Amino acid sequence: MNQSNSFSRRRWMAGAFGIACFTTRGLFADYLFPSPSMTEGPFYPDKMPLDQDNDLIIIGDSLTPAVGEITHLTGRVLSTSGEPIRNATVEIWQCDANAVYLHTADSRTKQSQQDKNFQGFGRFETASTGEYRFRTIKPVPYPGRPAGHIHAKVKVGGREVLTTQIFVRGAEGNARDGIYRSAGDVIDRELVTADFTPVPGSKIGELAASFDFVIGRTPDDRNFPSTRRAPR
Ligand SMILES: O=C(O)c1ccc(O)c(O)c1
């Protein structure tokens with residue numbers, strides 16, 4: 001075996017190795033699981049509140065906060081390859097502590113129960129890190145919906161790219177909630193569930209919840225479970 005032959009054989013092997021790595025990269029690449037889409041439900045606000053900021057606890061410059069367990073909901077908007085998505089608009093809406101939505105079909109019949117200090121809807125636009133934050137309340141059950149949940153919608157460039165819901169890990173009503181159960185398999189339910197944990201040192205019992213919105217589909221989608229991992 002002469003020198004050049006050996007050299008070219010090594011080159012060929014290196015080339016083949018490179019091609020093999022390239023072609024298998026798709027199988028072994030690490031993609032985030034896309035957030036499952038879930039129903040918008042009947043109560044996306046039909047009349048937007050004047051205050052649509054990311055603090056749902058205080059309306060305008062009111063001094064009276066909403067009733068409920070104050071929750072700092074934070075997270076990121078990401079692509080399935082883990083890139084932060086900037087200029088994404090995250091909208092959330094949920095019923096108040098008395099289970100009344102900011103929607104005339106709901107509040108009309110429950111006016112006296114409505115918490116007038118709960119904003120019911122909020123918006124946040126992401127910057128380059130894809131991060132968002134809201135101050136809201138821990139969601140409570142709604143008649144017929146035993147699992148408390150926060151509705152969410154993500155828009156990019158004005159286009160709706162995801163409508164989903166955020167559920168509370170360990171909530172007693174989860175197992176009885178038809179919409180939670182229909183989210184998909186156990187992984188899908190995991191992907192729409194967040195821990196609501198006490199904020200260390202908070203004297204008023206605030207909670208923190210972290211939830212990433214992962215937009216899109218993995219190239220291999222549902223075929224290679226080993227390549228899918230849950231958002232943190
Ligand atoms: O179908 C319903 O009645 C219903 C009620 C409340 C919700 O938040 C929802 O998503 C659906």
Side-chain angles (χ1 to χ4, degrees), residues 34-49 51-57 59 66-75 77 89-124 132 134-155 160-196 207 209-215 231:
S35 301
S37 62
M38 299 195 72
T39 177
E40 178 177 300
F43 300 125
Y44 182 85
D46 57 342
K47 219 175 111 205
M48 282 293 170
D51 186 355
Q52 300 173 15
D53 72 0
N54 63 332
D55 184 4
L56 283 69
I57 299 294
I59 297 180
V67 175
E69 290 185 80
I70 295 175
T71 298
H72 299 271
L73 172 67
T74 61
V77 183
T89 303
V90 180
E91 298 179 341
I92 64 166
W93 71 101
Q94 64 186 100
C95 62
D96 66 27
N98 300 325
V100 186
Y101 275 97
L102 196 73
H103 190 290
T104 48
D106 204 35
S107 57
R108 191 172 46 220
T109 56
K110 303 178 185 167
Q111 248 174 38
S112 60
Q113 290 131 273
Q114 189 160 33
D115 178 3
K116 301 287 186 298
N117 295 308
F118 185 56
Q119 196 172 289
F121 173 93
R123 268 206 185 98
F124 191 92
Y132 73 87
F134 290 99
R135 192 168 70 143
T136 187
I137 60 170
K138 182 180 174 184
V140 300
Y142 182 86
R145 293 291 318 272
H149 57 283
I150 299 176
H151 292 271
K153 208 184 260 299
V154 181
K155 298 176 180 173
E160 289 183 16
V161 293
L162 177 69
T163 300
T164 192
Q165 301 181 19
I166 302 169
F167 294 84
V168 180
R169 189 182 313 288
E172 175 270 325
N174 287 354
R176 284 181 287 120
D177 191 283
I179 294 178
Y180 184 62
R181 285 165 43 170
S182 73
D185 61 19
V186 64
I187 296 176
D188 291 313
R189 287 200 293 278
E190 177 66 20
L191 293 173
V192 292
T193 305
D195 289 311
F196 285 66
L207 303 172
S210 169
F211 188 93
D212 288 342
F213 298 101
V214 181
I215 308 301

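Just follow the structure's listing: the first ligand is 1, and inside any ligand the first atom is 1. These numbers were taken from a predicted model, which means no experiment stands behind them.
Under the 4.0 angstrom criterion for non-hydrogen atoms, Pro42 is in contact with ligand 1. Ligand 1 has no atom lying under 4.0 Å from any heavy atom of Glu40.
Closest non-hydrogen pair, Tyr142 versus Cys95, comes out as CD1-SG, 4.1 Å. Nearest heavy atom pair, residue Asp46 against residue His103, reads OD1-CA, 3.5 Å.
A ring-centre distance under 6.0 Å is not found for Tyr132 and Phe124.
Of all atoms in ligand 1, numbered sequentially from 1 with element shown, those under 4.0 Å from a heavy atom of His151 are 7 (C), 8 (O), 10 (O). Residue contact check: Gly41 has heavy atoms under 4.0 Å from atoms 10 (O) of ligand 1. Close contacts between ligand 1 and Tyr142 involve ligand atoms 5 (C), 6 (C) [criterion: under 4.0 Å to a heavy atom].
Nearest residue to atom 8 (O) of ligand 1 from Tyr101, Phe43, Tyr44 is Tyr101 (criterion: closest heavy atom). The closest non-hydrogen atom to atom 5 (C) of ligand 1, taken over Gln94, Arg145, His103, comes from Arg145.
Residues Gln165 and Val192 are not in side-chain contact: their nearest non-hydrogen atoms beyond the backbone lie 4.5 Å or more apart.
Annotation: Lys47, atom NZ; neighbour count of heavy atoms from other residues, nucleotides and ligands within 6.0 Å does not exceed 12.
Not one N or O of Thr39 is nearer than 3.5 Å to an N or O of ligand 1, by distance alone.
Using cut-offs of 30° and 60° on the angle between ring planes, the pair Trp93 and Tyr44 is perpendicular.
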